[in-house]
Every structure is written in C-alpha cells, then in structure tokens.
Novice: 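Shown below is the structure under consideration.
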Amino acid sequence: MERLQDRVAVITGGASGIGLASARRLAAEGAHVVVADIDEQAGKQAAEEVGGMFVLADVTSEDDVRHLYEVAAGRYDRIDIAFNNAGVSPPDDDSILATGLATWQRVQEVNLTSVYLCCQYVLPHLRRQGKGSIINTASFVAVMGAATSQIAYTASKGGVLALSRELGVQFAREGIRVNALCPGPVNTPLLTELFARDPEQAARRLVHVPAGRFAEPAEIAAAVAFLASDDASFITASTFLVDGGISGAYVTPL
C-alpha cells in the first residue's frame, strides 16, 4: 500500500520505539520521513534506514521546534503529517505522595508542552496547504485511572488528549485533522525498562489486557499510518484507542 505517496511526515521521538516503527511504516507507504530526536546517533541511523532526513531537536525547546519544521518544509517544500510522539516516563514518576515537583514539571514539559509547541509551529505549514494530519501520542491512561500510579505521566497524557480534541475541532473546516493516538501498553524499550524487567509488575498489568499481551510497535505504527492517510479523512478530534481492549474491559478472559 502506498497511501502516503510523496507526502512529508515529521516524527518526533523517531529514533526508537513507536516513533521508529512509524517512520518505517510511513516510509513503506511512500512518505518522505523527517526523523526528529534528541539522540543524534540513533536518529541518523533511523533516517538513513527509511531514506529520510534527520533533525536534531529537543522538543522542549521552542527554537528547536521552530527550526525542525522550517528545515523540513525547506527540504521538501511542504509538510503533510506531524506525528508528535516524543515523550518520557521516568521511574521516579509514581504516586502523587512520592513524586517530586521536579519530576512532575519535567514530564509535563516533555510530554505536553512539546506537543503544544509542535502543533503551534506545524499548523501554519498545514494551513497554507489547506490540509494535513496531526497525530499526537496520548495514552490509554488518559481515559482510565490506575492504582499503580504514574501521576505526572497520566496527567500529561490527559492534557494531550484535551489539546488534540480542541485543535481537531478548531481546524476541522480548514481541512486539518488532529487526533490523539492512545496506545495501550507497548513492547518498547521504555516499557521494558519500567515494567517488563519485573515479572510481577508485568503480570499485574497484563492481567487487565483482554488481548493478553503488550502491543508491538508495528501495530501502533499501523494506526499512525491510517490516521495520516485519506482513509481517515472523516476522523478528527478523536480519542483513537489502540489498546487491546483494556479500556473496555470489566473482567478479562482467564
């Protein structure tokens, strides 16, 4: 399938995990991919693999974000897709009773403020074209509560959800779609570091997933490709859950 032939996609956090899988999928569907990441070595490798370009960018920096879209538009003369995916989930993000203010602020800055900046600076490019797709990575935790809390992460993803919905409504009549992608637990290095290395923690989470497993990054990338494509032309301001059924479960299969 080449639903994205010659379209230009900018992916933040594109050097690993969901971002890298999405870079591969979008490139396979014909897109020119701009990989943005703070990890220069991994970012260059990812861009080379997909035949795209790499831009070193700290998404918490307004100057870096502005530069990212200027460089992408300068290279390809357009931007069609913005996948705002960069994020963190540090191990010291825990219960509100244990999470320090510095951790809270850092997570909001990386996970939420960066999405605000990316949307702010890519929207003028999309408005000039009169169309485009913005996909912001939120999470299933934005629509559920958890007793095993990561309070800063959960709050940041709730913010991404609300921001995406607002922008999806505001810019719909300009042909610009904005959706919040809400993955369930995904088998990425980040999740492995946080949970899967501890079998007890992993099992405690898996028991709530009707599918009985974590998602693979390529499965989330398939949803990104769909939302980026014209197959999703009537989908905007949505909470797009790709979670193996976790948000719809009361009890799960034995």
Side-chain angles (χ1 to χ4, degrees), residues 1-14 18-19 22-23 25-26 29-34 36 59 62 65-66 68-70 72-73 76-87 108 111-144 155-184 219-243 247-248:
M1 295 176 65
E2 294 188 345
R3 295 178 293 184
L4 307 176
Q5 188 64 41
D6 294 328
R7 297 188 192 183
V8 178
V10 180
I11 301 175
T12 66
I18 294 170
S22 297
R25 178 62 184 259
L26 270 56
E29 295 213 21
H32 302 289
V33 176
V34 179
V59 291
E62 185 173 6
V65 171
R66 182 192 300 111
L68 166 63
Y69 295 112
E70 287 175 350
Y76 295 108
D77 199 36
R78 63 186 296 123
I79 299 172
D80 302 283
I81 302 155
F83 180 31
N84 301 321
N85 170 70
Q108 305 315 310
N111 290 5
L112 179 55
T113 303
S114 73
V115 174
Y116 163 82
L117 289 172
C118 287
C119 289
Q120 185 178 58
Y121 281 102
V122 79
L123 272 163
H125 297 283
L126 303 183
R127 294 182 78 190
R128 277 193 293 272
Q129 294 165 201
K131 62 180 179 178
S133 175
I134 297 175
I135 304 154
N136 297 324
T137 299
S139 171
F140 76 103
V141 301
V143 300
M144 300 180 68
S156 72
K157 294 304 184 179
V160 171
L161 196 64
L163 180 150
S164 303
R165 184 167 51 239
E166 187 101 337
L167 297 182
V169 171
Q170 181 179 356
F171 293 99
R173 295 197 180 184
E174 295 189 43
I176 298 168
R177 298 182 295 105
V178 186
N179 291 291
L181 178 68
C182 297
E219 293 176 301
I220 308 303
V224 174
F226 169 70
L227 289 172
S229 77
D230 291 341
D231 286 344
S233 58
F234 203 59
I235 299 175
T236 195
S238 77
T239 301
F240 201 86
L241 284 153
V242 187
D243 65 355
S247 60

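Note that these values count all heavy atoms, side chains included, but never hydrogens, waters or copies made by symmetry. Computed from a predicted model, the values in this text were never measured in an experiment.
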Novice: For residues 156-168, which residue pairs pass the side-chain hydrogen bond (donor to acceptor under 3.5 Å, both in side chains) check, not counting sequence neighbours?
Specialist: Asn111-Ser156, Asn136-Ser164
Novice: For Leu126 versus Ser133, what's the shortest heavy-atom pair and its separation?
Specialist: CD1-N, 4.5 Å
Novice: Nearest heavy-atom pair of Ala228 and Ile135: which atoms, and what distance?
Specialist: N-CD1, 3.8 Å
Novice: Quick one: pull up CZ in Arg177 and CD1 in Ile81 and give me the separation to the nearest 0.5 Å.
Specialist: 9.0 Å
Novice: Does the side chain of Thr137 come within less than 4.5 Å of Phe83's, by heavy atoms?
Specialist: yes
Novice: I'd like to check the salt bridge (Lys or Arg N to Asp or Glu O under 4.0 Å) partners of Glu29; sequence neighbours left out, ordered by chain and number.
Specialist: Arg3, Arg25
Novice: May I ask you to say whether Arg7 pairs ionically with Asp230, meaning some side-chain N is under 4.0 Å from a carboxylate O?
Specialist: yes
Novice: Show, in sequence, the C-alpha distance, side-chain angles and deciding distance for Ile134 and Leu167, and conclude whether the side-chain contact (heavy atoms from CB on, under 4.5 Å) test is met.
Specialist: CA-CA 9 Å; Ile134 297 175; Leu167 297 182; 5.6 Å; no
Novice: Closest approach of Thr236 and Val178, non-hydrogen atoms and distance?
Specialist: OG1-N, 2.9 Å
Novice: Short question: side chain of Thr239, backbone of Leu161 - any donor-acceptor pair under 3.5 Å?
Specialist: no
Novice: Taking all atoms of both residues into account, what is the closest heavy-atom pair of Ser247 and Val143, and its distance?
Specialist: CB-CG2, 4.3 Å
Novice: Mark yes or no for whether Asn179, through its side chain, and Ile235, through its backbone, hold a donor-acceptor pair below 3.5 Å.
Specialist: yes
Novice: With Gln129, which residues qualify under side chain to side chain donor-acceptor pair (under 3.5 Å), at least two apart?
Specialist: Asp80
Novice: If every non-hydrogen atom of Ala223 is compared with every non-hydrogen atom of Val242, which pair is closest and at what distance?
Specialist: CB-CG2, 3.7 Å
Novice: Are Asn84 and Cys119 packed together at the side-chain level, in the sense that at least one heavy-atom pair is separated by less than 4.5 angstrom?
Specialist: yes
Novice: Who are the side chain to side chain donor-acceptor pair (under 3.5 Å) partners of Tyr121, not counting sequence neighbours?
Specialist: Glu62, Arg66
Novice: Tell me every residue that passes ring-ring contact (aromatic ring centres under 6.0 Å, His included) with Phe240, counting only those two or more places apart in sequence or in another chain.
Specialist: Phe226
Novice: Working note: Cys118 + Thr12, criterion side-chain contact (heavy atoms from CB on, under 4.5 Å); need CA distance, chi angles, decisive distance, verdict.
Specialist: CA-CA 9 Å; Cys118 287; Thr12 66; 4.0 Å; yes
Novice: Nearest 0.5 Å, please: how far is NE2 in His32 from CG in Leu4?
Specialist: 11.0 Å
Novice: With rounding to the nearest 0.5 Å, note down the distance linking OG in Ser238 to CG in Leu181.
Specialist: 9.0 Å
Novice: Is there side-chain contact between Leu68 and Val10, with at least one heavy-atom pair below 4.5 Å?
Specialist: yes
Novice: Tell me if the OH atom of Tyr116 is crowded by more than 12 foreign heavy atoms within 6.0 Å.
Specialist: no
Novice: State, yes or no, whether a side-chain contact exists between Ser22 and Asn85 at a heavy-atom distance under 4.5 Å.
Specialist: no
Novice: How long is the straight-line distance from CG of Asp243 back to CE of Met144, given to the nearest 0.5 Å?
Specialist: 8.0 Å
Novice: Applying salt bridge (charged side-chain N to carboxylate O under 4.0 Å, His left out) as the test, list every pair that has at least one member in residues 121-130; sequence neighbours left out.
Specialist: Arg127-Glu174
Novice: Do you know the tightest heavy-atom contact between Ile220 and Pro183?
Specialist: CD1-CB, 3.9 Å
